[in-house]
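See structure below.
Just so it is clear: chains get the letters A, B, ... in the order the sequence lines come, proteins before strands, and each one is counted from 1.
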Number of protein chains: 2
Amino acid sequence: MFEFAWLLLCYCMTNLDTFELARSPRPSKWGSLWPLPQRVATFDVSFKLAAASFQMLDGNGSSAGPSCSLLQDAYRRYDKYIFGGVKPERPRARDRRTDFPVLMGLQVLITDPEPECDQYPSVTSDESFQISLDLFLGLETFSQLVYEDDFGAKLVNWTQISDYPRFAHRGLLLDTSRHFLPVKVILANLETMAMNKFNVFHWHIVDDQSFPYMSRTFPDLSQKGAYHPYTHVYTPSDVKTIIEFARLRGIRVIPEFDTPGHTQSWGKGQAGLLTPCFAGSRPSGSFGPVNPILNSTYDFMRRLFREVAAVFPDDYVHLGGDEVDFTCWKSNPDIRTFMEQQGFGKNYSKLESLYIQRLLDIVSSTEKGSIIWQEVFDNGVKLERDTVVHVWMGGADSGEEMRNVTAAGFSAILSAPWYLDYISYAQDWLKYYKVEPLSFNGTAAQKKLVIGGEACLWGEYVDATNLTPRLWPRASAVAERLWSAQNVTDVDDAYDRLSSHRCRMLERGIPAEPLFSSFCPREFEGI
Amino acid sequence: MFEFAWLLLCYCMTNLDTFELARSPRPSKWGSLWPLPQRVATFDVSFKLAAASFQMLDGNGSSAGPSCSLLQDAYRRYDKYIFGGVKPERPRARDRRTDFPVLMGLQVLITDPEPECDQYPSVTSDESFQISLDLFLGLETFSQLVYEDDFGAKLVNWTQISDYPRFAHRGLLLDTSRHFLPVKVILANLETMAMNKFNVFHWHIVDDQSFPYMSRTFPDLSQKGAYHPYTHVYTPSDVKTIIEFARLRGIRVIPEFDTPGHTQSWGKGQAGLLTPCFAGSRPSGSFGPVNPILNSTYDFMRRLFREVAAVFPDDYVHLGGDEVDFTCWKSNPDIRTFMEQQGFGKNYSKLESLYIQRLLDIVSSTEKGSIIWQEVFDNGVKLERDTVVHVWMGGADSGEEMRNVTAAGFSAILSAPWYLDYISYAQDWLKYYKVEPLSFNGTAAQKKLVIGGEACLWGEYVDATNLTPRLWPRASAVAERLWSAQNVTDVDDAYDRLSSHRCRMLERGIPAEPLFSSFCPREFEGI
């Protein structure tokens, strides 16, 4: 019996399909590129980069000049990534004594007539670029082409790249309510998102547990609803910092203010917002979802979302709408009376729909688009054409929902197979990598409605102590799935490139965890 | 079918028995003590501690005087833990203007006639202590009694504690072969072990993947077998630093040199040590376990273990002996001939036994005791009376092995239920906490042979990036099980104390991960 138990354990583990890559990483023919570009041709001719004299410059005729702070900021960042911040003061003579041709610099030619230097990225931003030896875009990709010879010299091979993302929406959800995440941690992960070509930070900013968003209109929400009124909140300045840091990296910030459920913390700073639950004929003292039958609720939402629309420049707001528990509504006599008046019978989904429809109207009036979790669609709420449905239920088996959402003509974002908070032993990145977002049954028109996906790292068991290593490089698997071509599915090659990519993240100061037994030339030095 | 899949997922998760503590932590009547002492009495009388004037001093008649560097080092460390390193230069007048009585200092009275000031801790070290208001031992426990009032003042309540560990061997295994761990990371975790009253660092220092131990006798072992010959090795000075750092915290360092399996990296620097595997009648080019039929093997082991015995002061060495794969031995014609000569038939366990018995003799001659993994016992190797058997197989169902080992009269260390590298979603510390090491069927004499246990964090998926948050506070659950009385099993109270204990680890700079949605007054500031 004892031996049996042991075998069972082994079975459970191998059943996770996680031991297929129990080997040391090998060099990939694609080097350490991650995510893999759409088209790459590499030639066996190398160029040397001289740290002291190498320059990134705006190309002749570029639509983005030296006043484009976004580009100047990127030059500085990638100079540091490529040369490690160590730079001799001026060109030294020996730089020219080399058996390789020297690459003197990068010319960055922006052809887009509206290069978005001072604008925010949007779902329609042009993210395509080409790299050849005298024409550069995609600084991250260029920095991934640089390698070191045995003498520490930086080299690039002659390479031609033409690249663009498969999906326009490549997001990462972080949750700052279950645990507060210091601004520093959020910035470090935005930086890492850029290294992985993620372009949407879905900020699940508030929830039942705490309300860290400091609202100018309703300061009591964070004063009373945050874990602490000033050490555990995001001030307007914090929010601005995060949005600007993201903008400089081509990342959109979409805030989520999830209602009518997941709002316990809201109730602490806004009396009368939540539904009083009843035990028999008396209030029990506890509260349920937002109270959908009061005009004051909609007045509050109108003022709150007007502020949110002004603070967050993105064209979209995420309205949540998931996991609404009807128990409390059912217990409340005023709500029951309202249900009768409306002729809703016992169908509380209709009450939820009434609330969401009014909320969608409020958000529309701020000129923002709405994203909602799938239940809102499932419950038959009447949605605007441009509402985006976010599919999260069913794990790997979410194809039917994807089919239904797109068949109804709505754009969809897929997250169901990418709940990275569900950790397990060994190489679960493979599971995320093998997802094909368009594998559901549907027409070509339906598939076009899938605008992308998001990796979700919910915060129940995650805070500043463990977030970064738990996220990377597991989220990198999702990043490549959303960026690279559909036929990029060679897990052996992915293992090799991802192993190098994780060592590069280490060198850039990000504690990305290992895929398997291995080492990096320069290990992480923190604890 | 889609809904079914979702329900299945929920079932899998709740089946892990992990959602029983989905609530915010509450104050425990035991404060934040972890592990819980054997006897505690707390009274409702508080004393104030003045940071500038508070002193830890050797008590009158203490057997350890000011020359006991071990104790002086501990005073300094706990002063910093208690007062946070911020200390006014001299006593200020306002320290005396207080409505609480002031605790001017600690008197530490060591009664043991041999206080081990300059010695190494051993399995027989007296770890018992008492705390009352004028008699102190157990600085860690004292520091856990200190709390802050709303004005930041440090207070302790009048408390009487009499404490001693339930088990003498309370270990943690770290693996520096699958991934190299920088010395800094090992030291930080020794520090955290002391906070949790662990007293054995089981250093699984080498394995198949790499040989980072720099041997003076056989320098090629790390020169050729480490991931890198000088960035990824432990020099003699590193090893000394680790042993001394551990000694100052009452922690024994037991190195494991696992043979005859798990030795691929050994073969790179020691030609002829491993068994050449054969494909048919020819060597295949690959190698198997240590070659047990050559005299040169035993000469090598004698010299290596003589060095190990000199470098590591502990009375015990761990010899491994687990997971020996016979395939290669079976393929080798010389080994087959040897088997025939010895009359072993096809029983390769007999060959393994021959090897291990000779190795045990070698280690005995260095005056060290041996610890071996359970297979050595299971395979019927003749063992010295004082050999310790380390039980690792069967997960939670290792009771039969514990019964067999102790019935045969051997001391046992339990690790089977405490493989912390097997991560899973949610609060798996509960699973570790609920283990009762003496729950197997056996006599009182057998139970006495269980000298303790070890939490194991194998290194396949762990390096400096994720080790510390993955280990703490999960290992803290094991620490309390091994220290506190058998009847300390209230998981609700443990949840509350452990939540506080993890916040304390954070304040001391250790990124211990959260148990569940919550916050700490001062969050971790790193990334």
Side-chain angles (χ1 to χ4, degrees), chain A residues 1-3 5-6 9 13 24 177-180 182 184-185 188-189 209-210 227-228 231-232 393-401 421-427 459-470 506 509-519 521-527, chain B residues 1-3 5-6 9 13 24 177-180 182 184-185 188-189 209-210 227-228 231-232 393-401 421-427 459-470 506 509-519 521-527:
Chain A
M1 184 193 160
F2 158 74
E3 278 304 318
W6 175 242
L9 182 63
M13 293 195 304
S24 298
S177 174
R178 275 62 180 247
H179 288 98
F180 179 78
K184 192 175 154 188
V185 173
N189 282 282
Q209 287 78 3
S210 75
Y227 281 132
H228 186 281
T231 63
H232 287 64
M393 292 166 94
D397 297 319
S398 51
E400 194 175 325
E401 181 77 6
D421 49 321
Y422 292 160
I423 54 170
S424 56
Y425 186 65
Q427 299 196 44
E460 283 85 349
Y461 302 100
V462 172
D463 71 3
T465 61
N466 59 354
L467 183 143
T468 309
R470 186 166 288 194
L506 280 197
I510 302 301
E513 66 180 20
L515 296 179
F516 190 61
S517 302
S518 63
F519 73 105
R522 288 179 278 264
E523 301 287 357
F524 186 66
E525 288 290 337
I527 64 150
Chain B
M1 180 189 164
F2 158 74
E3 278 303 319
W6 174 242
L9 182 64
M13 293 195 305
S24 299
S177 174
R178 275 62 179 247
H179 288 96
F180 179 79
K184 192 174 154 189
V185 173
N189 281 281
Q209 288 77 2
S210 75
Y227 281 131
H228 186 281
T231 63
H232 287 64
M393 293 166 94
D397 296 319
S398 52
E400 195 176 323
E401 181 77 6
D421 49 320
Y422 292 160
I423 53 169
S424 56
Y425 185 66
Q427 300 196 44
E460 283 85 349
Y461 302 101
V462 172
D463 71 1
T465 60
N466 59 355
L467 183 143
T468 308
R470 187 168 287 196
L506 279 198
I510 302 301
E513 68 180 19
L515 297 179
F516 190 61
S517 304
S518 63
F519 73 105
R522 287 178 280 264
E523 301 288 356
F524 186 66
E525 287 291 337
I527 62 150

B/H232 versus chain A, the contacting section by heavy-atom distance below 4.5 Å
side chain
Between the main-chain N or O of A/R178 and the side-chain N or O of A/Y227, is there a donor-acceptor pair closer than 3.5 Å?
yes
Select, from B/V185, B/N189, B/T465, B/L467, the one with the greatest count of heavy-atom pairs under 4.5 Å involving chain A.
B/T465
Please answer whether the main-chain N or O of B/S424 pairs with a side-chain N or O of A/S424 as donor and acceptor at a distance below 3.5 Å.
no
Identify which part of A/Q209 has an atom lying under 4.5 Å from any heavy atom of chain B, answering side chain, backbone, both or neither.
side chain
Test applied, side-chain contact (heavy atoms from CB on, under 4.5 Å); reference residue, A/H179; option that passes from A/N466, A/V462, A/D463:
A/D463
With chain B, the option among A/G526, A/A188, A/S518 that has the most non-hydrogen atom pairs under 4.5 Å is A/S518
Report which part of A/L506 has an atom under 4.5 Å of a heavy atom belonging to chain B: side chain, backbone, both, or neither.
side chain
Where on B/E460 is there a heavy atom nearer than 4.5 Å to chain A: the side chain, the backbone, both, or neither?
both
Greatest number of heavy atom pairs closer than 4.5 Å to chain A - which of B/P469, B/A464, B/P514
B/P514
Please examine the side chains of A/S24 and A/F519, heavy atoms only from C-beta on, and report whether any two atoms are closer than 4.5 Å.
no
Side chain from CB out, backbone as N, CA, C, O: work out which of these in A/A396 comes under 4.5 Å of a heavy atom of chain B, or both, or neither.
neither
Set out, in order, the CA-CA distance, both residues' side-chain angles and the distance that settles side chain to side chain contact (heavy atoms under 4.5 Å, CB included) for B/F180 and B/H228, then state yes or no.
CA-CA 10 Å; B/F180 179 79; B/H228 186 281; over 6 Å; no
Would you call the rings of B/Y422 and A/Y425 parallel, tilted or perpendicular, taking 30° and 60° as the class edges?
perpendicular
Please look at B/R522 and chain A and tell me whether the side chain, the backbone, both or neither of the residue comes under 4.5 angstrom of a heavy atom of that chain.
neither
Under 4.5 Å to a heavy atom of chain B? For A/D421 that would be both
Give, as side chain, backbone, both or neither, the part of A/T468 having an atom under 4.5 angstrom from any heavy atom of chain B.
side chain
Starting at CD of A/E513, measure out to CZ of A/F524 and round the result to the nearest 0.5 Å.
12.5 Å
